[in-house]
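The sequence lines fix the lettering, A, B, ..., with proteins before strands; numbering per chain opens at 1.
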Amino acid sequence: MIDHPQDLSLRRQTTYLVSGRLDAGDLLSATFERMTARDEALNSLISTFPEEAKGMLAHAHRALGGVPVVIKDQFSLPWRAPTNGLPRAPARYKPGASAVFQSLRDGGAVIAGVTNMHQLGFGSTGIISAFGPCRNPHDTARCAGGSSGGSAAAVAARLTAGAVGTDGAGSIRIPAAYCGVVGLKPTFNTVDTHGCTSSFSSVAAIGPLARDVRDCRLLAEILLRRKLPERRGTIVVGVVDWFWTDLDPRVEDVCRSALELADSNDFQIAKAHLEGAELSLVAGIVRLGADLLSEVDREVLEDWDLHPVVRGMLMAQAIRPASILLRADRVRSLLRRSVVHAFGDCDVLVWPTVPAPAPPIDDPHVDLPSGRVHSDMATVRQAALANLTGVPAISVPCGSVDGMPVGLMVHAPWGREGLALEAAERVESVVGQAASPSFDP
Amino acid sequence: MSPVADDPQAIRRMLSNVGIEATDTDVRIVIAVRSAVAEFEERLLALDFSGVHPEADRLYSEPPYD
C-alpha cells in the first residue's frame with residue numbers, strides 16, 4: 001500500500017499514468033502538497049509552477065505520461081529566466097524554451113519547479129545561494145552538496161522522483177552521494193546545452209538525478225534523446241589507488257565492502273593506473289574557474305550582491321597567471337590519454353564519490369588522514385577527472401556512515417553511459433537503495 | 001606564494017589592472033583563495049612538459065579515442 005504517489009519510483013509513476021491507474025492532474029496536485037509539507041525544512045526549491053505545470057500536462061500522453069520533475073536554476077523556461085543562484089536573472093539570461101525544457105516536454109515530463117543551487121555553480125556544498133543554504137534531508141544541519149544540491153535533496157525527500165542538474169566538477173555526483181540518490185554526468189556535450197547558463201563550459205554536462213539506477217536511466221534517455229544499451233556479461237572494474245587514498249576510513253570501509261559484494265555479481269576487479277591522477281584536482285579547479293569567469297558579466301561581478309566568497313573566488317581567477325591555465329590544460333590532455341589507456345585494460349573505473357559524508361552547514365570542512373580541509377577541495381579531488389576528460393560518470397549510493405549516505409562513482413569510456421548505468425545497477429542490486437530520510441507525518 | 005607575493009596592495013593593483021576595483025573584504029578573500037590553492041599551483045608550475053608525445057594533444061570536446 002503506497003500512501004503517497006511520490007513514494008513510487010519514476011518508472012512506476014509512468015506505468016500507472018499510462019495505464020490510467022493514476023491521473024496526471026492528481027499526481028501533480030499531490031506533488032505540490034508534498035513540496036509544501038516538506039520543503040520548508042530543506043529549502044531545495046526556489047520556485048514552483050502550479051499553473052505552468054498544468055499547461056505542460058497537454059503533452060502528458062508522451063513517454064513519461066506526465067511525471068513531475070524539478071530542474072536546477074540554470075535553464076531557460078518559456079515563463080522564466082534562470083538566476084544561476086543569483087538574487088535575480090542577469091540581462092543575458094532570458095526566458096525561452098531551453099533544450100532541457102524541450103526534451104522533458106517532448107518526453108512527457110512536467111516541470112513542477114526550479115531547485116536551489118550553489119551560486120554560479122561555484123562550490124560543492126550548496127550553502128552559498130541567494131536563496132539560502134539547501135539542507136540535507138538526512139540531517140538538516142548538514143549540507144545537501146552542490147552545486148545541484150536542491151535537485152538531489154528534492155529527489156531524496158521524495159518531492160519528485162526525478163530531477164535535472166549540471167555537473168562541472170562533480171555538481172551532480174557530489175550532492176547525489178551526500179543525499180543518497182543516483183546522479184549521472186553524461187559524456188560531455190551529449191545533452192544539448194541550449195538555454196543553459198553554462199552552455200559555453202568546456203567541462204560541464206547536464207544530467208539526471210533519481211532515487212535508483214533504473215529511474216536514472218529512464219530520465220537520461222529522455223535528456224540524451226536516445227536509448228541506452230544494456231550490458232551483459234562480466235564487467236572489468238579498474239581500481240585506481242590514488243582515488244582510494246586520503247578517505248575518511250569509515251567511507252573507505254563502506255565503499256570497499258560494496259565493491260567486494262558487487263565482485264560476486266559479474267564484476268572482475270583489477271588494478272588500474274592513471275598517469276597524472278594526482279594533478280586532476282588542481283587542473284579541475286583552474287579550468288572550472290576559468291570557465292565560470294567567462295560566464296560572468298562584468299556588471300554582475302562588480303555591482304551585484306554576489307556572495308563575498310564567490311566574488312573573491314572569481315576575482316582570484318581573474319588574476320590567475322595564464323601560465324597556470326595553460327599548464328592545467330596540458331594536464332588535461334595527459335589525463336585524456338591516461339583514461340584512454342586505462343580503458344584499454346578495464347571496462348569501468350570505480351572509486352568513492354566523496355571522501356567523507358556531508359559536512360555541517362555551519363562548518364563545511366572534513367577530517368581526512370591528510371588533515372582538515374574544506375570539503376570543496378576534498379570532493380573535487382574525486383570528481384574532476386570525469387569533467388576534464390569528458391567521460392560519463394555516475395554516483396550510486398553504497399551505504400552510510402553515521403546515518404549519512406555515501407556513494408560509489410563509476411566512470412565509463414566516452415559515450416558509454418549505458419555501461420556506467422549497468423555497472424551502477426549491479427552495485428545497487430547488492431547494497432540496495434539508500435534508506436529514505438524520515439519526515440514527520 | 002608563487003608567482004606573486006601575498007601582499008594586499010599587490011593584489012589590489014593586479015585587480016585594478018584588469019579593471020576590477022576591489023574592497024578590503026574582496027582582497028582578504030582573494031588572498032585566502034590563492035593561499036588555499038598555492039601549493040597545488042606550484043606543483044603545476046614545476047611540471048616539465050617538454051618532449052614529444054606519440055599522440056596529439058586534444059584540449060577540448062573531441063574524445064581522443066574515437
Side-chain angles (χ1 to χ4, degrees), chain A residues 187-190 201-203 276 278-279 281-287 289 298 301-302 306-321 323-341 343-344 373-374 376-377 381 388-391 413-415, chain B:
Chain A
T187 306
F188 177 74
N189 231 12
T190 53
S201 173
S202 73
V203 288
E278 72 285 359
L279 295 166
L281 168 62
V282 64
I285 290 172
V286 171
R287 177 31 76 186
R298 180 54 62 93
L301 182 59
E302 292 190 337
L306 278 180
H307 190 282
V309 170
V310 171
R311 188 174 143 91
M313 289 170 75
L314 289 168
M315 287 184 178
Q317 181 61 43
I319 58 172
R320 179 171 274 146
S323 58
I324 292 178
L325 179 59
L326 290 175
R327 282 161 187 271
D329 279 346
R330 292 299 296 266
V331 169
R332 189 177 189 182
S333 292
L334 168 67
L335 290 169
R336 284 175 177 274
R337 288 194 300 272
S338 299
V339 163
V340 174
H341 292 145
F343 283 132
V373 294
H374 192 282
D376 279 350
M377 301 292 273
R381 176 187 188 270
L388 291 166
T389 61
V391 299
W414 185 281
Chain B
M1 185 187 299
S2 178
V4 296
D6 181 11
D7 168 9
Q9 289 310 314
I11 298 294
R12 193 183 297 280
R13 234 182 354 262
M14 290 168 72
L15 287 166
S16 178
N17 286 343
V18 293
I20 298 171
E21 295 310 313
T23 66
D24 289 346
T25 302
D26 292 334
V27 171
R28 271 201 306 277
I29 294 171
V30 169
I31 288 172
V33 170
R34 288 166 61 86
S35 298
V37 296
E39 178 195 336
F40 299 105
E41 290 187 350
E42 280 167 15
R43 249 181 260 167
L44 266 186
L45 290 168
L47 293 174
D48 179 4
F49 287 106
S50 60
V52 176
H53 291 295
E55 305 157 59
D57 278 347
R58 286 179 161 181
L59 299 181
Y60 300 108
S61 63
E62 298 86 356
Y65 42 100
D66 59 359

- Could you look at B/Glu39 and say if it's the side chain, the backbone, both or neither that has a heavy atom under 4.5 Å from chain A? neither
- Under 4.5 Å, counting heavy-atom pairs only, tell me which of B/Val18, B/Asn17, B/Ile20 racks up the most with chain A. B/Ile20
- Task: Identify which part of A/Leu281 has an atom lying under 4.5 Å from any heavy atom of chain B, answering side chain, backbone, both or neither.
- Result: side chain
- Message: Using side-chain heavy atoms (C-beta onward) and a distance below 4.5 Å, is A/Leu314 in contact with A/Leu306?
- Response: yes
- Quick one: what part of A/Ile319 sits under 4.5 Å from any heavy atom of chain B, side chain, backbone, both or neither? both
- Message: Assess whether a salt bridge exists between A/Glu278 and B/Arg43, defined as any Lys/Arg side-chain N lying under 4.0 Å from an Asp/Glu carboxylate O.
- Response: no
- Note on the structure: If one checks every heavy atom of B/Val33 against chain A at 4.5 Å, the contacting part turns out to be side chain
- Message: Between A/Arg287 (side chain only) and A/Asp329 (backbone N and O only), is there a donor and an acceptor less than 3.5 Å apart?
- Response: no
- Task: Salt-bridge test for B/Arg12 and B/Asp7: reply yes if a basic N is under 4.0 Å from a carboxylate O, no otherwise.
- Result: no
- Relative to chain B, which segment of A/Leu301 carries a heavy atom at a distance below 4.5 Å: side chain, backbone, both, or neither? side chain
- Query: So which of A/Leu335, A/Val340, A/Val339, A/Leu334 actually passes side-chain contact (heavy atoms from CB on, under 4.5 Å) with A/Arg337?
  - Reply: A/Leu334
- Heavy-atom proximity to chain B below 4.5 Å, by part of A/Arg327: both
- Can you check whether A/Arg381 reaches B/Phe40 side chain to side chain, under 4.5 Å on heavy atoms? no
